Amino acid sequence: MTDASTLPGQPRGGVRTGPATERAVNVLAPNASAMTLDGTNTWILAEPDSGLAVVVDPGPLDEGHLRNVVGTAEAAGRRIALTLLTHGHPDHAEGAARFAELTGTKVRALDPALRLGDEGLAAGDVIRVGGLELRVVPTPGHTADSLCFHLPADRAVLTGDTILGRGTTVVAHPDGRLGDYLDSLRRLRSLTVDDGVHTVLPGHGPVLEDAQGAVEYYLAHRATRLAQVETAVEDGYRSPAEVVAHVYADVDRSLWPAAELSVRAQLDYLTEHGLI
């Protein structure tokens, strides 16, 4: 058995519904798959003594899950006052409109098409609900509309799909761009160095106790993959499918379509920088 402390980011045990930090509770959606790992983590955030809560990423359009999120908050004596989205992929956002109906909340997101209400989200925004403070961190790359939320009081960051609790994420070409993603990882690294963030609350997978270690692992992984793709092209593998079969030969073939998205993003990056 591998000691979790030796894994990237030091994952905390298994993925489960329940408290993760003093202010964050996870409700795991029943949508496990190769792409979503154990399922989508829907986060309920609140100050310990507050009757108001914020929900990040209601998840898929699954009535049982959405009602479970509401019930979990109500069981703790809290009313959900606001819904936030890290990005628009269906496993995070498809249930948002129905969740807004159940809770009477507005939905705030970077993408105007996902919003319910007048307010969106932008870099530098500070969200305050019932004493809770969240800071919006723009992290494009996985998608153009990806955001993270810095929870200073818990020295934590909610990362959506930008950093996962297990494995690595997809740069979802053409919406996602590798250059943007690398910049976003560096932005998260600055949170760990300058703002003392040590806990990652991901959109999928277990909580990570070593945020800086996780970011450094992601940066190193991306550098390695980029070098492998560049070498593959030099060796005559031209199409994205050919590069995937060569570079990602050790990866489950069911994940190759997703890997091809990342390869396309890497090929664009290499072309833009005159490396191929």
Side-chain angles (χ1 to χ4, degrees), residues 8-9 11 20-21 23-24 26 36-37 40-45 54-59 82-89 91-93 96 107-111 114-115 119-129 132-172 175-219 221-222:
T21 67
R23 292 165 180 81
N26 182 31
T36 61
L37 304 181
T40 300
N41 295 328
T42 294
W43 294 102
I44 303 173
L45 309 175
V54 174
V55 164
V56 176
D57 289 351
L82 180 64
T83 302
L84 305 175
L85 298 177
T86 61
H87 65 296
H89 278 167
D91 54 315
H92 294 258
V107 177
R108 293 181 64 180
L110 179 61
D111 184 349
L114 299 171
R115 300 172 190 167
E119 288 188 286
L121 293 170
D125 283 353
V126 179
I127 299 162
R128 294 182 175 89
V129 174
L132 181 80
E133 180 182 295
L134 285 172
R135 299 174 185 172
V136 177
V137 182
T139 50
H142 169 66
T143 60
D145 70 329
S146 287
L147 299 170
C148 292
F149 298 102
H150 177 200
L151 180 55
D154 282 350
R155 296 173 63 192
V157 61
L158 291 90
T159 55
D161 282 354
T162 299
I163 292 180
L164 305 178
R166 185 171 65 251
T168 55
T169 198
V170 172
V171 179
D175 185 44
R177 295 177 56 83
L178 181 59
D180 291 341
Y181 186 63
L182 295 174
D183 288 343
S184 293
L185 290 176
R186 296 183 189 109
R187 191 170 297 118
L188 291 175
R189 180 170 58 187
S190 74
L191 283 183
T192 71
V193 173
D194 300 331
D195 296 278
V197 167
H198 62 68
T199 301
V200 172
L201 304 176
H204 305 280
V207 172
L208 300 178
E209 303 282 9
D210 177 15
Q212 185 172 353
V215 174
E216 296 292 357
Y217 172 77
Y218 266 59
L219 284 167
H221 171 79
R222 282 295 164 203

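Given the structure is predicted, the values throughout are model-derived calculations rather than measurements.
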Do the side chains of [Y] and [X] get nearer than 4.5 Å, heavy atoms only?
X: Pro140; Y: Asp145; answer: no
X: Asp210; Y: Gln212; answer: yes
X: Val170; Y: Tyr181; answer: no
X: Arg166; Y: Pro11; answer: no
X: Val136; Y: Val126; answer: no
X: Leu164; Y: Tyr218; answer: yes

Next item on the list: Check whether the side chains of His204 and Asn41 place a donor and an acceptor atom closer than 3.5 Å, and report yes or no.
Entry: no
Margin query: Under 3.5 Å, is there a donor on one side chain and an acceptor on the other for Thr162 and Thr159?
Written below: no
Note to self: Run Val171 and Arg177 through side-chain contact (heavy atoms from CB on, under 4.5 Å) and show every step you take.
What the structure shows: CA-CA 6 Å; Val171 179; Arg177 295 177 56 83; 5.6 Å; no
Next item on the list: Take Leu134 and Arg128 through the side-chain contact (heavy atoms from CB on, under 4.5 Å) test and state the conclusion after the steps.
Entry: CA-CA 7 Å; Leu134 285 172; Arg128 294 182 175 89; over 6 Å; no
What closest approach, in Å, do [X] and [Y] show between heavy atoms, and which atom pair accounts for it?
X: Ala24; Y: Leu45; answer: CB-CD2, 3.5 Å
X: Val157; Y: Cys148; answer: CG2-CB, 3.9 Å
X: Leu208; Y: Ala214; answer: CD1-CB, 3.7 Å
X: Pro206; Y: Pro202; answer: O-CG, 3.3 Å
X: Ala20; Y: Trp43; answer: CB-CZ3, 3.6 Å
X: Ala109; Y: Leu114; answer: CB-CB, 3.9 Å

Item checked: Matching residue for Leu84 among Leu158, Ile127, Asp57 - test: side chain to side chain contact (heavy atoms under 4.5 Å, CB included) -> Ile127
Item checked: Passing candidate, side chain to side chain contact (heavy atoms under 4.5 Å, CB included) with Phe149, options Asp125, Thr139, Thr86, Val137 -> Thr86
Next item on the list: Could you please spell out the steps behind the side-chain contact (heavy atoms from CB on, under 4.5 Å) verdict for Arg115 and Val107?
Entry: CA-CA 5 Å; Arg115 300 172 190 167; Val107 177; 5.8 Å; no
Next item on the list: Could you walk me through whether Leu85 and Leu147 pass the side-chain contact (heavy atoms from CB on, under 4.5 Å) test, one step at a time?
Entry: CA-CA 8 Å; Leu85 298 177; Leu147 299 170; over 6 Å; no
Ignoring hydrogens and angles, write down the donor-acceptor pairs under 3.5 Å from the side chains of residues 189-200, residues two or more places apart or on other chains.
from, atom 1, to, atom 2, distance (Å)
Arg189, NH1, Glu216, OE1, 3.4
Ser190, OG, Arg187, O, 2.6
Thr192, OG1, Arg189, O, 2.6

Are the side chain of [X] and the backbone of [Y] linked by a donor-acceptor contact shorter than 3.5 Å?
X: Arg222; Y: Leu182; answer: no
X: Thr169; Y: Asp161; answer: yes
X: Thr42; Y: Pro58; answer: yes

Next item on the list: Check ring-ring contact (aromatic ring centres under 6.0 Å, His included) between His87 and all other residues, then give those that pass, not counting sequence neighbours.
Entry: His89, His92, His142
Checklist line | Nearest-0.5 Å distance, OG1 of residue Thr40 to CG of residue Asp91 | finding: 4.0 Å
